[in-house]
There are 2 protein chains.
Amino acid sequence: MKHSSGPIYAYEPWTVTEQIFDVEQSLRSETIFAVANGYLGMRGNFEEGYYGPVGSSYRGTYINGFYESAPIIYGEEGYGYARERQTMLNVADAQIIRIWVEDEPLHIFHGSLFGYHRQLDMRKGIVTRTIQWQSPEGRQIEVVFERMASLADPNLLLIRCKIRPMNFDGSIRIESAIEGGVVNQVSAGDPRSGSSFSGPVLNTLEMRENETYTGIAQRTRVTGFHVTCAAEHRLHGAEYTVDTEAAGSRVEKRFNLSAESGQEIVLEKYIAYHASEEPDVGSLWTEGIRLLDSAMEQGFDEYARKQEEILDEFWLTADVRVEGDAALQQGLRFSAYHLFQSVGRDGRTNMAAKGLTGEGYEGHYFWDTEIYVLPFFLQTVPDIARKLLDYRHYILPEARNRAEELGFKGALFPWRTIGGEETSAYFPAGTAQIHIDADIAHAVKLYNQAARDTDYMYGDGLEILVETCRFFASFGQFIPGRGFCINGVTGPDEYTALVNNNTYTNVMVRDGFHYTVDLLEELRSQDERRFDEVTGQFGVTDGELGSWKKMADEMYIHREHGMIGQDDSFLQKAVWDFAGTPQDKHPLLLHFHPMVIYRSQVLKQADLVLAFHLQPELFTRAEKARGYLYYEGLTTHDSSLSSCAHSMVAAELGYLRQAYDFFMDTARLDLDDTHNNVKDGIHAAAMAGSRLAIVNGFAGMKQDPDKLSFRPVLPEEWLSYGFAVQFQGRKLRVDVGLESTVYRLLEGEPMPIEHFGVETLLHDKLTLPNRVLAGVLFDLDGVITDTAELHYQAWKELADSLNIPFDREYNEKLKGVDRMASLKLILDNGDVKLPPEEMDELATRKNERYKELLETLTPDALLPGVRKLLKALRREGIGTALASASRNAPTVLDRLGVTDLFDYVADAGAVALQKPDAEIFLAAAEGLGVHPMRCIGIEDAAAGIMAIHRAGMPAIGIGTRKSLPRADHVVATPADLNPALLREWMLTFSKKDEVMDIGE
Amino acid sequence: MKHSSGPIYAYEPWTVTEQIFDVEQSLRSETIFAVANGYLGMRGNFEEGYYGPVGSSYRGTYINGFYESAPIIYGEEGYGYARERQTMLNVADAQIIRIWVEDEPLHIFHGSLFGYHRQLDMRKGIVTRTIQWQSPEGRQIEVVFERMASLADPNLLLIRCKIRPMNFDGSIRIESAIEGGVVNQVSAGDPRSGSSFSGPVLNTLEMRENETYTGIAQRTRVTGFHVTCAAEHRLHGAEYTVDTEAAGSRVEKRFNLSAESGQEIVLEKYIAYHASEEPDVGSLWTEGIRLLDSAMEQGFDEYARKQEEILDEFWLTADVRVEGDAALQQGLRFSAYHLFQSVGRDGRTNMAAKGLTGEGYEGHYFWDTEIYVLPFFLQTVPDIARKLLDYRHYILPEARNRAEELGFKGALFPWRTIGGEETSAYFPAGTAQIHIDADIAHAVKLYNQAARDTDYMYGDGLEILVETCRFFASFGQFIPGRGFCINGVTGPDEYTALVNNNTYTNVMVRDGFHYTVDLLEELRSQDERRFDEVTGQFGVTDGELGSWKKMADEMYIHREHGMIGQDDSFLQKAVWDFAGTPQDKHPLLLHFHPMVIYRSQVLKQADLVLAFHLQPELFTRAEKARGYLYYEGLTTHDSSLSSCAHSMVAAELGYLRQAYDFFMDTARLDLDDTHNNVKDGIHAAAMAGSRLAIVNGFAGMKQDPDKLSFRPVLPEEWLSYGFAVQFQGRKLRVDVGLESTVYRLLEGEPMPIEHFGVETLLHDKLTLPNRVLAGVLFDLDGVITDTAELHYQAWKELADSLNIPFDREYNEKLKGVDRMASLKLILDNGDVKLPPEEMDELATRKNERYKELLETLTPDALLPGVRKLLKALRREGIGTALASASRNAPTVLDRLGVTDLFDYVADAGAVALQKPDAEIFLAAAEGLGVHPMRCIGIEDAAAGIMAIHRAGMPAIGIGTRKSLPRADHVVATPADLNPALLREWMLTFSKKDEVMDIGE
């Protein structure tokens, strides 16, 4: 037995391989090597049994949607609390294939292991495990286990076991069993691993056996669901006799045979599970026999062939190629593979938080589906995306009941569930997350846009939209002086609970209202008869449509000093003491009482940042930049869902270093077990997020009603990346290089695509340049001209008139300080205190004088090279804009005679916050009509450099490296600049993405 | 068996009597007739056994502080959650005395009952129950049971049973048992009744018996506490033989005898309970024997004598006399009696929420003690108040641990507990109520002021103060732009949870900081050595003192538009839909999900109103009037603690109708079972509140560091009331009549008292007048003069200049409308819309013109009789003040020539809100230096009448009854008024206390 540390699986493109067995990693590898097909899931346990240390393995086989209920016990009861827990059950264990060599049991904790190899092949969909083992008495044997969960038949698992004596002839006994006496794991204090039943909950009704056939029928105690598990066997390569052993809840076939050294014996085990929510076994037995007969007839190899065929088709769209990082490449494929394995696709089941690989979160379905998993499938296998939505429609009756129980109209979907009922036992981080309704409505919108299936759009899809609108219309409240408010809820960030007007929730609800109203109004304008029909069907009145529109239009969003609040009170709390929180106190939820966490500015996961991603058009780019930097500084990323949202928004804002780092946090989260809980199962949502971070993050894909738009950037660590997406019946391939992006239409009609804001029709193939220089943004003072002297003169005159000492030395303190603050500094110097009105008056007087002095400026005051640079840029068709905080800028440009050389002058009076906030540079880019990521900024002050970076642009400093250490490039004067140089520098991305000081 | 409805106990002064047995009222009567002595409590069960319908009785015997623990199970676990529940145990049942008449069992569900009488005598402290019963075979018998919990000996219960055959001679068997196989009640969904253990938790260790002695020793399973219960018997009046029956956990003595018709047989049963937290039985058995020997020697009658003696002493201070309402008189005594019965007085136990009468709230101690119960005892039996505080000091170690566990300094007392550990299983309405710390500190302050015990003050008391200050200093946070904030807490009102800056909490904490700092600073200035000693002992540094002072000084209190917020966000929520909530949906907590309740403006109980009562000096009277009216409209009073606080604040503000109604809600809460849960036990805090509502409410007693102040008022339903109080070693008697109050010093040194704001030294007896007329407050327009015509002229000129039609008819719309709103009405009439600046300009122009017109006023414009009235008031020494909203009032008075006749003119510019807000009238009273309840107001407008009422004053209307329907008295002109009339009207209290429209 060997122990290793660090990454334990080699970086291979299409496989995941375990070269040694490490008992410390056993639980984790059981998850990594789980096989599943969306209906059945089987952890990567050892067929021959596991005899290692207690707690280093747990055997599990799961059926999606098959659960047991139990009452939730509360310390203090409350009206409307979720009443029943639901736990995805560990069902009968049919993995068991024990091998005896002359009565010596073969397993790796006995005798000695001299060869071990386990491999998941993601193109074949098979896990193969080879062990070479020597018994205590010296017999050497090789056993190869192959297993798959059939993607062709959801009820079928297959195991093939090849046995080869290496140095002996002798008797071998193979015991293949089904064990019905199984239990679920018990939670050990971590609320995330899910507490379960402490004993068996499946009653065994009957066991059957016949020749090589075994089977068991069981029933859950409370829900009364039934399940059968049956197995058939085929043994090649030797004569054998077979015995049966049945006792308790275990039925076993024992194959007895003799083998010679080198002889290969092959046992194929076909396992069928059939489950039903009906109160009797019904036809489960016969369905199992029919399936096993067919499987035996087709054989293992045929299933292997089909498995590969299905995966080939999947990879055609789902594969994301990254050149330049083998580890990442493997991680991306591993994620896609597991998602495909685990996702429910029958419209009655969904994607459990941990897939079908473990018991974390009790196998519950969350909002993870709609926000992370569904977009993945919408891009890759849209039919599965639809099935995920069908599940929500399937549980609509329970959601209606829940809304009614709480006293509201419409439907409230459960925060966590399997069967459709709310099962969250802690409502402040459960039921209070009513954004689940808006998340589902959002998913319907995405699906409608991508699938254009009008039957769904005006059928089941509309029903969900209407019922969620109705819920929010009755839950929210118009509050005088504020607008439409949604109070007393919890947003996605569970480190804040029960607040008013969580912005994420409010913008998602707003969009849901608008989308629903627009959908119906558009239908009315196109086909009034159908409009009457569908509104009649769901009882939608004009009054409702009018009120939803009004609610959306008047939705309250909390803002303070230009910053969007996570909710009404968030910005009024104290910032968490990050410096005083050692690393071993993370995640906070395991080390601090919720009320301690709730009272601070600290986030578990992206909340407003996620809203920036999902509703990008509801915020200005300046708001997003400011909000991202602020909230990012407060986020612990204690949730695995957090990093990918941050990565996407960072990419959008041009913060590529952060985008890359956050992405890499997600990309191999499970393979590297960075959250230390892969033992409980995969992190399905984060896996989906790793694709989204590339497609929607780095490539910047956004889905509009009738086009896709992109804004591709390439992290410098990579050579290129590429992926395919499905949209409105087309299949599109996108390959992003450093300089350009190639778009290919693989299937379907020509379609419009947008690339860095420019729309083009894609017929066959298009190659478009990436981050070209299209705009240069200039600061004024110190870049275009130097008006510092004029400011000095104006202040000096004022100070003299007040008899306050003032000289050039003291003047240095005023650099980069705004007018009022400068005045204060001067008055302080004279120990003068004045009332606000008089201060205003003095500041105005100084400015008036300064403006008079400006009148004395002439073109001579232009800094050297400026005119030449401006002219050169103009010649090459590169836009130029002024991004100065000075409200006198237009006057100055006039006096300098360069007004005509600027395409745009940003209005300093219209921005909410001064530099280092990004807004003035973003306003300049917008005024030019150029994508900010195609602009470069030129500044002479540190605050300005920071503002350019925050605007997501490379920053050129005029000055010295010492004075401007964070500038990407520094020149002494504008005369050192020319278009070619700026173009070159455009491609070297800044590595100095800014982080905001929270106190700022 | 008879059934009754309505009040079931006759209104008797010193007794509570049940004349019939009603099975529907059985559980309730078991609570009402419970006997207790602070250590032991025994429900009013039937000795002979109860064989009525299941669920119509539960037998219970409780030992204060004797509990069992069990893990709290959470649906979702969280760090720092309370881990163990604690439940006051139902201990061995020693009430059992079964009687057999010739082998016919005697009980009231068998045979027939022809006489039934049960009576609690509150002066004797004994419950007597008499039944006259006929067996199915026709034997008639009378049995009288007397029972008491000895107030002289906390370990002793006594039962005396007198048996008299009425119409037969024959054999009688009396079985007296101790049954150890007891269980607690199981909660049935109501979070308030407390869920308990579902089976027995006491293990029986040993049973003993000897002659007439029986005993049992038991042990709790988890806490490992031990308890013995032993009984001795004495039988008079007949020869008897005695058998013993012992099996399981039951040990029984059977007395066999023969009796003749008319013969009286008496059985006395002495019951001793001894409990210990030690891991062994130790000396419990011998202590029991010693006590029983002594009790047998003294006999039942001797204990009855001592019982009466102790109660005589108690009633001397505790009795509150009310003349004019027999039901109320009984209710007040019943409350005082039960408090005295149930309160723990050994410094190791406390007052359970339900006393020792039932299992509601699991026998836990809450803040109820400090806020309600302790002030009761401070006034009546200060030694008990001290013992209640000693309990808090006793659990200080657990409170320190709790603070540390949550990451804070100092000590955090548990929200609910028995043993000292936090046991609240729902932290948003448990641990988050950190105001418990401030409540305890407040109680220490009250005790210090009243007891002046410097050993305590600088010892245990100071330690509590210091540790609670430390907790808040580390929990609260300075937040820039706000001050010292206490975020993420829950105030007393549990219909709002986890909010920032709950005002109740913040003001209580502020006072705790200030009091602690002042206490130490005063000591430093008086005795620096002692200061060094005590600060050294508790490690208090100057830095701490400085920071506590700063935190107190900069404590954040949320205000919006003159209204104090219950917390930062409360006023930004929507008001609960009261109109849409039918009566059967109350209490809300049983019919609505907490998140639905939390998101609305709705209160379970007084929160800010309670703060007004506890910290009256931290708010202006105008703030209190405004806040009381607003929050009262939002309060459901779903908590029994709410009404008495509302009553006290209403009395303080002069809202006597409300004060009376709220008081009456509390006064007989248990006797009338108005909350329908007396079965679970008494409402101890509400019982204490009924005394406080009289002493601190109607009599307005406030405790200052060195005096008591009063402001007595008499509800018109009563003829008089009176009570005694203890304070600083004195005993004081206060008797309040309609016209005057008599203060008598019964014990102790002369002391200063304050009466309606006037301080006097009380030597022996003082008789002071109550609500005399000392100030008359006049509105201006329509009362002193009529300037309506001048306003009309000014508006008319303005309208003409704008070419807007305006006439006298339209002018009517402007009455009572302020300047800017009037202008808007005029502009609307001309369809004119103007920017704010121009509006301002026009309003100013009109006012300038109006002021010019005022210059034309002469004394002739005085309304008839005004000068005469003013002069008459002046002659009689009654103050006069002007309370007008007009900023031009001084000019008008000048022009009218009456400036000299006014003692004070309230500054209209200094008030936050206009009429109907009370502020201008309160400002006028304050300016006069007269208590507002000695003022009367004169008004001609409905809003003004309302404002006077809101100021707590009688309101005289100038006009007609039709135009001023809510005025207390209406006259046509001021000429109809004279001082004598106003004096008379002063005594007729308004019945029209105003309720605020929440939308206002």
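Letters go in sequence order (proteins before strands), and every chain restarts at 1.
Ranked by heavy-atom pairs under 4.5 Å with chain B, the list Asn487(A), Thr423(A), Ile486(A) is led by Asn487(A).
Using a 4.0 Å cut-off between charged nitrogen and carboxylate oxygen, Glu359(A) and Lys354(A) do not count as a salt-bridge pair. Note on Arg416(A) versus Glu76(B): salt bridge recorded, some NZ/NE/NH1/NH2 to OD/OE distance being below 4.0 Å. No salt bridge links Glu421(B) with Arg402(B); every basic N to acidic carboxylate O contact stays at or beyond 4.0 Å.
When heavy atoms are compared at a cutoff of 4.5 Å, Ile73(A) approaches chain B by way of both its backbone and its side chain. Heavy atoms of Leu406(A) lying under 4.5 Å from chain B belong to its backbone as well as its side chain. Contacts between Thr490(A) and chain B at a heavy-atom distance below 4.5 Å are absent for every atom of the residue. Only the side chain of Ile434(A) comes within contact range of chain B, with heavy atoms under 4.5 Å apart. For a residue to count as touching a neighbouring chain, one of its non-hydrogen atoms must lie under 4.5 Å from one of that chain's; by this rule Glu405(A) does not touch chain B. For Tyr426(A), the parts sitting under 4.5 Å from any heavy atom of chain B are the backbone and the side chain alike.
Here Tyr598(A) and Tyr495(A) keep their ring centres 6.0 angstrom or further from each other.
Stacking of Arg470(B) on the aromatic ring of Phe408(B) is not recorded, the 6.0 Å distance cut-off and the 45° axial limit not both being met.
When each of Leu603(A), Leu571(A), Thr503(A) is paired with Gln566(A), the side chain to side chain contact (heavy atoms under 4.5 Å, CB included) condition holds for Leu603(A) and for no other.
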